[in-house]
Amino acid sequence: MVSIADLKRISSYEWEIPVSYRADMRVPVRIFASETLLKDVTRDKSLEQAVNVCALPGLVGSVKVMPDMHQGYGFPIGGVAATRYPEGVISPGGIGYDINCGVRLLGSRISYQEGKSYLEELATALNQFCPSGVGIGGHHRLTSRDVEDVCRKGSRWAKENGFATDQDLRRTEDGGQLQGADPRFLSPRALKRGMGQVGSLGAGNHFIEIDLVSKVFDQKAARAMGLYEGDLALQIHCGSRGLGHQVCSDYVKSLQSAVIKYGIELPDRELVCAPMDSPEGEAYLAAMACAANYAFANRQVLSHYAREAFESVLAGRVKDWHLHLVYDVAHNIGKIETHQIDGNSMEVCVHRKGATRAFGPGLEELPSEYKKIGQPVLVPGSMGTSSWVLRGTSEAMARSFGSSCHGAGRVMSRTQAKKTIRGEDLLKALKKDGITIRAGSMAGLAEEAPAAYKDVDEVVETVTRAGITAKVAQLKPLVVIKG
DNA sequence: ATGTTC
């Protein structure tokens, strides 16, 4: 086990595991964590996993881990690894099973005072309009050919079918459409699983939430995002459902032979990978982009349903029920990006697994309204706790490949949470705090109990003190829809 | 996360 004594202190919020720690490390690990969070981190295998990642061919800089890190499949969740494009490797485990799991935030000009008496009705309507739960699909059944179209076009498919505006696309990471998506690299099973699930929430930590913008920390940035203290906002957290899961399963299996073929030595089989310039690596990249686009379209269609739900309850009752998209971010994805490495401009594949892109001011990829302030970084808390709106910084570009944290981060496994917490008790406690819940399953609710997660405020404090993101606004939950 | 063990 990596212990705190093995770490070199860079600052109060940044630590290093040097390459000398283990013979197979090609680069060091950089950990963003406060001293308090470091204690959580050393309780699971996330740092061993980060050390394992350091053995991958083609890595540049260092492997980063965010303060919300916890153990995952091969890579730790909360990990960021950049490999030289195209000769470096890409690893499905560095992206995760839920490809392009992500968050979007929609703002409103509905004040809490104006909206509070409708929250119960809104909870019911959201729950009806936005299907959720394990194995539950959306309102539409698509043909296999339609799914291919969704995979190629992402949010653009949603726009062509009346589920999106131009502004929605502009305010989605990559415009909601990753280049290089090619459905020929999807298995028939992946396509089949995608047929019924566009516009569905899923289960686990996925949710739709009505929040109160409780505190604004950066007036200028909040104004640019259309967020005002005292108003309601809506968050959607979900991903690529069964299709993305199938893509990851398929390629974890098929890339095993690439590891042997290219003679890649790995400290852990779960780090299975392939060079991006190999046929195997190219196939995974094309399939991953498909799943990423499916997830963008999924969140966009859900936004459309949420807007319909708001309209059904609020039309004629409040003066403006409109929900505008603030931003949509991916936090499980691999991206080909240009970064400055030791003073040289370099094309790399940034694996972000449970880490959010946090591009700072001036980046060409950002919509004009966010170019001066940096991109919105959306950090949902655990159920019943705060969520945060942050913004990317130049420091993030220099120190974390333009990345920051993605949430609170688990401290308790799902099974452990189910053993120690009763969903019914949790429901009562949340109700007492004035939070309205619509949950599909009590066992599922228990898995997502706040006690199973770290303190999101401490996580956010760490990334802001470390300088890789800055606070814009804090959100407090009012209504939570869970599968 | 996931048709929660093809």
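Side chains are part of it too, since the values below use all heavy atoms of this structure and drop only hydrogens, waters and symmetry mates. Order of the sequence lines fixes the chain letters, A, B, ..., with proteins taken first and strands second; residue numbering starts at 1 for each chain.
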To the nearest angstrom, how far is [X] atom [atom1] from [N] atom [atom2]?
X        : N     : atom1 : atom2 : answer
A:Tyr294 : B:dT2 : OH    : P     : 11 Å
A:Glu448 : B:dT2 : CD    : P     : 11 Å
A:Tyr97  : B:dT4 : OH    : C1'   : 13 Å
A:Lys482 : B:dT2 : NZ    : P     : 11 Å
A:Leu445 : B:dT4 : CG    : C1'   : 17 Å
A:Gln246 : B:dT4 : CD    : P     : 12 Å
A:Lys192 : B:dT2 : NZ    : C1'   : 16 Å
A:Met442 : B:dT4 : CE    : C1'   : 18 Å

Sub-4.5 Å side-chain heavy-atom contact between A:Ile210 and A:Leu234: yes
Sugar-phosphate only, base, or nothing, as touched by A:Gly239 at under 4.0 Å among non-hydrogen atoms: nothing
Parallel, tilted or perpendicular: rings of A:His245 and A:Tyr97 (30°, 60°): tilted
Mutual orientation of the aromatic rings belonging to A:Tyr305 and A:His140 [parallel < 30°, tilted 30-60°, perpendicular > 60°]: parallel
Nearest-nucleotide comparison on DNA chain B, the residue closer to the 5′ end among A:Glu447 and A:Arg414: A:Arg414
5' priority, DNA chain B, between A:Gly204 and A:Arg189 [closest heavy atom]: A:Gly204
Non-neighbouring partners of A:Lys418 that pass side-chain contact (heavy atoms from CB on, under 4.5 Å), sequence neighbours left out: A:Ala443, A:Glu447
